[in-house]
Number of protein chains: 2
Amino acid sequence: MQDRMKPYWQEDGITLYQGDALAVLRTLPDASADAVIADPPYSSGGVFRGDRAGRTSSTKYVTTGATLAGPAFTGDNRDQRSYSYWCALWLGECLRIAKPGALLVVWTDWRQLPSVTDAVQAGGWVWRGIVPWTKPQHRSRPVKGGFWNQAEFAVWGSNGPLRKEPDYAPCLPGHVHAASPDPADRVHITEKPREVFDLCVQAAPPGGLLLDPFAGGGGLLVAARRGGRRAIGIELAPEYCQAAVQHLARERRRGDQGVLEVTDG
Amino acid sequence: MQDRMKPYWQEDGITLYQGDALAVLRTLPDASADAVIADPPYSSGGVFRGDRAGRTSSTKYVTTGATLAGPAFTGDNRDQRSYSYWCALWLGECLRIAKPGALLVVWTDWRQLPSVTDAVQAGGWVWRGIVPWTKPQHRSRPVKGGFWNQAEFAVWGSNGPLRKEPDYAPCLPGHVHAASPDPADRVHITEKPREVFDLCVQAAPPGGLLLDPFAGGGGLLVAARRGGRRAIGIELAPEYCQAAVQHLARERRRGDQGVLEVTDG
DNA sequence: CCTCTCGATGAATCCATCT
DNA sequence: AAGATGGATTCATCGAGAG
């Protein structure tokens, strides 16, 4: 662990660092996080390698004429071996930061799933399962002559044996079925629905600390505050750091309204 | 391809061979199957290596002393390397038997998923996706301090480019949510629900030929006939061959009743 | 029709002990 | 010390049936 960095933003137990995930992770203290929730760039593309090179996320993920909600995100063109290697690096660093028994959740698509399970174990975590997130067909991609592509996957594991303490050792649902947010409401291109974030947040006990090395639009940070957890987010792109902070501010206003509505009812 | 074997049973375009999958596959003709649907023994169980070896399916998967449907099945004790190797062998043989553009569906659990995706590609198939089957929580197992284990996975691919013919190139659902059949109604310990078989059957066009190298209790053969497809099943255990034939006979009677009921209504 | 209790269920897992 | 063996046990869920 190196010297502490200056946060990009901090409020209500939510901290956001701007910078490269590996670089920032190295500055975080040992055995401090109750759970690590990671949604790294998938680095996926065509079935054959040539399809994968030289395109940025704006052309890859937006097939219709819809306008791109945010800046193209980087780090999404690694080939498979270097992707596994890179994942093993930051996963190993996360292991150091995680408390014993802490949970790990890493999101991926079908194509990178085997690389991610390898990397999780290479990073020293105990791999314990896969949680599918399934989307309704109208929000996913048809494959002519095959099966719809309507699932993404969370590879999950733990730092050593699972927590058994009676105070917080829940049995969490092993499947989420929810639609992606409407493109108009999306902060990040690949933003996951609220249901997914709300599940991930429960990987840490109330008041516990979540670590999100690829914070993107800040969806997990928002969910962490909503669920009464602290969180540390890391995001490389300044545009997304700004978007995440705005997201947190917007949801705080909406949350206040929610509280008022509850009081009224 | 070697000499034809004598079928164990044959009727209505459904053929069942009794024998080792690899041995029987070698006797089947080239480019004859429209789809391959495989539900091999998972050789799974145990987060750590020691828990994976030397147990039979009856002691491994059945905790309560209750209802053991049928005998324990064999071939469920391979270590990870030999499991991948063995899968690549029969998958390669299936590729030879498959028509160009034929679909492949291989069922597995989370633990063997990466091995199976490797083996599918090693066998020469183009890997194209993962279809999760999710179960309701009350028919799956809680994991204290973690996520419920409530999904199994179909790794799917094709023999070369996907079929594009307008006559049969459907977009099939990429997710099934269904409960396991009631233990009393099960022919095989690990039998999948009807919804799963009905989806798999659609991988071949109506009248087309399905190949099931691990027929077990015959669930896919029954579904194939129900869906108007032909099928070739292979099963090693004579007990399960017999059970599959009985299953087909029972469902034929039930099917006749079903037709009558529809006529009545 | 609603609420409650009760029981069955699970393609395993944990851990002490022995080799 | 590492691996193999064997025995004991997990608990939230939801349907059925009763009240």
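It should be emphasised that the depicted structure is a prediction, and the values quoted were computed from it without experimental measurement. Heavy-atom basis, side chains included; hydrogens, waters and symmetry copies ignored. Just so we're on the same page: letters track the sequence lines, and every chain starts at 1.
Rounded to whole angstrom, the span from the CG atom of Asp182(B) across to the C1' atom of dG7(C) amounts to 13 Å. Note: CH2 (Trp148(B)) to P (dA11(C)) measures 11 Å, nearest angstrom. In this structure, CD1 of Ile189(B) is placed 9 Å from C1' of dA11(C), rounded to the nearest angstrom. Tyr83(B) places its OH atom 16 Å from the P atom of dA11(C), with the value rounded to the nearest Å. If you take CD of Glu152(B) and C1' of dG10(C), they are 11 Å apart, rounded to a whole angstrom. In this entry the distance linking CD of Glu191(B) with P of dG10(C) reads 12 Å, nearest Å. Whole-Å rounding puts the Asn149(B) CG to dT13(C) C1' distance at 11 Å. The nearest whole Å value for the distance from the NE2 atom in His138(B) to the C1' atom in dC6(C) is 15 Å.
When Leu95(A), Leu91(A), Leu211(A), Val155(A) are each tested for a side chain to side chain contact (heavy atoms under 4.5 Å, CB included) with Leu104(A), only one passes: Leu91(A).
Salt bridge Asp12(B)/Arg230(B): absent, no basic N to carboxylate O contact under 4.0 Å.
Nearest nucleotide to the Lys144(B) side chain, out of dA11(C), dT9(C), dA12(D): dA12(D). The side chain of Arg141(B) lies closest to dT10(D) when the candidates are dT10(D), dA12(D), dT13(C). For Thr190(B), whose side chain is taken as the heavy atoms from C-beta onward, the closest listed nucleotide among dC11(D), dA11(C), dT9(C) is dA11(C). Ranking dT9(C), dT13(D), dA11(C) by closeness to the Tyr42(B) side chain, first place goes to dA11(C). Distance from the side chain of Arg128(A) is smallest for dC14(C) among the nucleotides dA11(C), dT9(C), dC14(C). Of the candidate nucleotides dT9(C), dT13(D), dA11(C), dT13(D) has the atom nearest to the side chain of Gln137(B).
Using bins of under 30°, 30° to 60° and over 60° for the plane-to-plane angle, the ring pair Tyr240(B)/His188(B) lands in the tilted bin.
Pro41(B) comes within 4.0 angstrom of a base, heavy atoms only. Using a 4.0 Å heavy-atom cutoff across all strands shown, Pro173(A) reaches no nucleic acid atom at all.
Between Glu191(A) and Ser180(A), the closest side-chain pair of non-hydrogen atoms is not below 4.5 Å.
Within the shown strands, nothing qualifies as a pairing partner of dT10(D) under the Watson-Crick or G-U definition with both distances less than 3.5 Å. In a base pair of the Watson-Crick type (N1 to N3 plus N6-O4 or O6-N4) or a G-U wobble (N1-O2 and O6-N3), with each distance short of 3.5 Å, dA11(C) is matched with no nucleotide.
In the interface, the side chain of Asp109(B) is not paired with the base of dA12(C) through any donor and acceptor atom under 3.5 Å apart.
Thr134(B) and Gln150(B) form no side-chain donor-acceptor contact under 3.5 Å, judged by distance and modelled atom types alone.
DNA chain C is contacted by both Leu162(A) and Ser140(B); Ser140(B) maps to the nucleotide lying nearer its 5′ end (nearest heavy atom per residue).
Both tests do not hold together for Arg141(A) against Trp148(A): distance to the six-membered ring centre under 6.0 Å, angle to the ring axis within 45°.
Residue Arg139(B) places none of its side-chain N or O atoms closer than 4.0 Å to OP1 or OP2 of dA12(D).
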